[in-house]
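All figures in this text were calculated on a predicted structure; none of them were measured in a lab. Note: hydrogens, waters and symmetry copies are ignored here, and every other heavy atom, side chains too, is used. Residue indices begin at 1 and follow the sequence shown.
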Amino acid sequence: MKSFVRLTDFSKEELQEIFALADNIDEYKNALRGKTVVLFFPSSSLRTRVSFEKGIYLLGGQAILFESATLEKKEDIRDVCGYLQNWADAVVVRHKDIGLLEKMARSLGVPVINAMTAENHPCEMMSDLYSLSKRRADYLRCKYLFVGASGNIGKAWAEAAEAFGFSLCQCASENYRIAGVENIADIQSAILGKDIICTDSIPTELKADFRDYQITAELMQKANKGALLNPCPPFYRGEEVSADAISSSFFVGYEFKKSLLTVQQAILIYCMSR
């Protein structure tokens, strides 16, 4: 059994093995028959939770859902895990504290799957890159640009770039740069020569600092021919992306998130069989 907490815990070849499982997911229809997957999600979660629950059901498994806050109790997490592993065959957790997931992974004899923390979002990165691989065989040679602050999505793209070995550049002012990632503060310069443009929503308190960083359809024209716009949901038209950019042929957000279902199924199968 192997947990899925950080992409950098895996080699590129192992991650691409998960993609191969997703390619052939129909062969695993009963892979979770008789298995129970316990989920910890906040009530605000939508895409990741729905796709995990449906994916478990389609594989013949049972999903039991709790609020993430259930893990925030006086009882030591090691003791929670000691009881939980009597019944759970895998645990999927969305919680801000990645340290909590790491403790759970050390304490449980079943896989812990990271469904998002304040540090990263590995399942979403896997879904996006899997979707991109279906469009472009050379997806790891593409030039990626992340426009936004050093939050969990920016750090998730940095983690993905390290794990898969692709080129990533950030566009933000120096105050918001991601450690270890090339940063170009000017958006007009940063977008030149880029193939995949990624964004994150802008916290209210940072809006003034990011007013000149909105991705528009006109700006996308300056990227490489065939460039794609992949904003992280939830995105807000008129803030990090313009309405015309979302309506344009550059936008691939809805299409890319379809893969959450099969990629997360593949992650579960991979981790539970290792």
Side-chain angles (χ1 to χ4, degrees), residues 2-25 47-48 51 98 101-102 105 111-117 119-148 150-172 177-184 190-191 193-200 223-224 226-233 252-253 255-271 273-274:
K2 186 165 185 175
S3 291
F4 195 81
V5 179
R6 298 178 188 267
L7 294 182
T8 46
D9 293 335
F10 299 82
S11 68
K12 177 178 69 173
E13 291 72 25
E14 287 174 319
L15 295 171
Q16 290 176 323
E17 190 176 338
I18 294 173
F19 288 177
L21 282 170
D23 285 341
N24 299 289
I25 203 67
R47 288 156 287 267
T48 312
S51 50
I98 196 169
L101 274 72
E102 291 171 331
V112 174
I113 311 298
N114 178 353
M116 194 178 82
T117 69
E119 288 295 313
N120 63 354
H121 200 348
C123 292
E124 177 131 323
M125 296 300 104
M126 288 290 283
S127 173
D128 286 352
L129 290 166
Y130 176 76
S131 296
L132 185 58
S133 74
K134 297 306 166 192
R135 278 200 172 212
R136 298 185 174 184
D138 63 346
Y139 70 105
L140 295 182
R141 288 198 210 109
C142 289
K143 302 293 185 182
Y144 292 72
L145 176 66
F146 172 75
V147 182
S150 178
N152 65 332
I153 300 305
K155 291 176 182 177
W157 277 111
E159 182 181 290
E162 181 180 350
F164 280 90
F166 60 79
S167 169
L168 175 70
C169 178
Q170 180 192 13
C171 183
R177 71 178 304 164
I178 302 165
V181 175
E182 178 191 4
N183 183 70
I184 299 174
I191 203 165
K194 301 304 188 298
D195 301 292
I196 314 299
I197 316 302
C198 308
T199 66
D200 190 15
N224 282 349
L228 303 175
L229 172 60
N230 181 39
C232 179
V252 292
E255 176 191 341
F256 274 28
K257 292 304 174 280
K258 276 190 207 176
S259 296
L260 276 172
L261 179 66
T262 50
V263 169
Q264 288 168 176
Q265 287 178 311
I267 290 168
L268 281 167
I269 292 166
Y270 182 89
C271 291
S273 63
R274 290 299 182 273

S.K.: How many angstroms lie between OG1 in Thr48 and CD in Gln264, if you round to the nearest 0.5 Å?
M.R.: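 Answer for the OG1-CD pair, Thr48 versus Gln264, is 6.0 Å.
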S.K.: Counting N and O atoms only, with roles assigned by atom type, does the side chain of Ser127 sit under 3.5 Å from a partner on the main chain of Cys123, one being a donor and the other an acceptor?
M.R.: no
S.K.: Nearest heavy-atom pair of Ala223 and Lys194: which atoms, and what distance?
M.R.: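 Minimum heavy-atom contact is CB-O, 3.4 Å.
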S.K.: Given side chains that start at C-beta, do those of Ser259 and Leu261 come closer than 4.5 Å, heavy atoms only?
M.R.: no
S.K.: Suppose we call two aromatic rings close when their centres sit under 6.0 Å apart. Are Phe4 and Tyr270 close by that rule?
M.R.: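 For Phe4 and Tyr270, the ring centres are not under 6.0 Å apart.
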S.K.: For the side chain of Gln170 and the backbone of Asn183, is there at least one donor-acceptor N/O pair under 3.5 Å apart?
M.R.: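 No; zero donor-acceptor contacts below 3.5 Å.
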S.K.: Can you measure from CG (Leu268) to CD1 (Ile18) and round to the nearest 0.5 angstrom?
M.R.: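 Here the rounded value is 10.0 Å.
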S.K.: Measuring only between side-chain heavy atoms, which start at C-beta, is Arg136 closer than 4.5 Å to Cys142?
M.R.: yes
S.K.: Which heavy atom of Ala22 sits nearest a heavy atom of Ala266, and at what distance?
M.R.: N-CB, 3.6 Å
S.K.: I would like to know whether Lys257 and Asp128 meet salt bridge (charged side-chain N to carboxylate O under 4.0 Å, His left out); could you show each step before the answer?
M.R.: CA-CA 7 Å; Lys257 292 304 174 280; Asp128 286 352; 2.7 Å; yes
S.K.: What I want to find out is whether Arg47 reaches Glu124 closely enough, with some N-O distance under 4.0 Å, to be called a salt bridge.
M.R.: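 No, Arg47 and Glu124 are not salt-bridged.
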S.K.: Measuring from Ser273:OG to Leu21:CG, what's the distance to the nearest 0.5 Å?
M.R.: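 Those atoms lie 7.0 Å apart.
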S.K.: Are the side chains of Leu132 and Leu228 in contact, using a 4.5 Å heavy-atom criterion?
M.R.: yes
S.K.: Is any side-chain heavy atom of Ile269 closer than 4.5 Å to one of Ile25?
M.R.: yes
S.K.: Taking the side chain from Asp195 and the backbone from Lys143, do they hold a donor-acceptor pair closer than 3.5 Å?
M.R.: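 Checking the backbone N and O of Lys143 against the side chain of Asp195, a donor-acceptor pair under 3.5 Å is found.
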S.K.: Evaluate the side-chain contact (heavy atoms from CB on, under 4.5 Å) criterion for residues Leu140 and Lys12: first the C-alpha distance (whole Å), next the side-chain angles of each, then the deciding distance (0.1 Å), finally the verdict.
M.R.: CA-CA 11 Å; Leu140 295 182; Lys12 177 178 69 173; 3.8 Å; yes
S.K.: Going through the checks in order, is the salt bridge (charged side-chain N to carboxylate O under 4.0 Å, His left out) test met by Glu182 and Arg177?
M.R.: CA-CA 8 Å; Glu182 178 191 4; Arg177 71 178 304 164; over 6 Å; no
S.K.: Sequence neighbours left out, what passes salt bridge (charged side-chain N to carboxylate O under 4.0 Å, His left out) with Lys258? Give chain and number order.
M.R.: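 Per chain and number, Lys258 pairs via salt bridge (charged side-chain N to carboxylate O under 4.0 Å, His left out) with no residue.
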S.K.: side-chain contact (heavy atoms from CB on, under 4.5 Å) between Ile113 and Cys271: does it pass, once the steps are laid out?
M.R.: CA-CA 8 Å; Ile113 311 298; Cys271 291; 3.9 Å; yes
S.K.: Can you tell me how far apart CZ (Phe19) and CD1 (Ile267) are? Round to the nearest 0.5 Å.
M.R.: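 Spacing of CZ (Phe19) from CD1 (Ile267) equals 8.5 Å.
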S.K.: I'd like to know if the side chain of Ser3 and the backbone of Val112 have a donor-acceptor N/O pair within less than 3.5 Å.
M.R.: yes
S.K.: Any non-hydrogen side-chain atom of Leu145 less than 4.5 Å from a side-chain atom of Cys171?
M.R.: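 Yes, side chains in contact.
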S.K.: Below 3.5 Å, can you tabulate the donor-acceptor pairs from side chains in residues 151-166 to any protein atom, sequence neighbours excluded?
M.R.:
unit_1 : atom_1 : unit_2 : atom_2 : d
Asn152 : ND2    : Thr117 : O      : 3.0
Glu159 : OE1    : Asn120 : ND2    : 3.1
Glu159 : OE2    : Leu7   : N      : 2.8
Glu159 : OE2    : Asn120 : ND2    : 3.4

S.K.: Under 4.5 Å between any side-chain heavy atoms of Glu17 and Phe10, yes or no?
M.R.: no
S.K.: Nearest 0.5 Å please: distance from the OG1 atom of Thr199 over to the CG atom of Leu229.
M.R.: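 One finds 6.0 Å between OG1 of Thr199 and CG of Leu229.
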S.K.: Nearest 0.5 Å, what's the CD-CG distance between Gln265 and Leu260?
M.R.: 11.0 Å
S.K.: I would like to know whether Tyr130 and Asp23 meet side-chain hydrogen bond (donor to acceptor under 3.5 Å, both in side chains); could you show each step before the answer?
M.R.: CA-CA 10 Å; Tyr130 176 76; Asp23 285 341; 2.7 Å; yes
S.K.: Backbone N or O of Ser11 within a donor-acceptor pair of the Glu14 side chain at under 3.5 Å?
M.R.: yes
S.K.: Using side-chain heavy atoms (C-beta onward) and a distance below 4.5 Å, is Ser131 in contact with Leu129?
M.R.: no
S.K.: Could you walk me through whether Arg6 and Glu102 pass salt bridge (charged side-chain N to carboxylate O under 4.0 Å, His left out), step by step?
M.R.: CA-CA 10 Å; Arg6 298 178 188 267; Glu102 291 171 331; 3.1 Å; yes
S.K.: Are side-chain heavy atoms of Ile98 and Asn114 found at a separation under 4.5 Å?
M.R.: yes
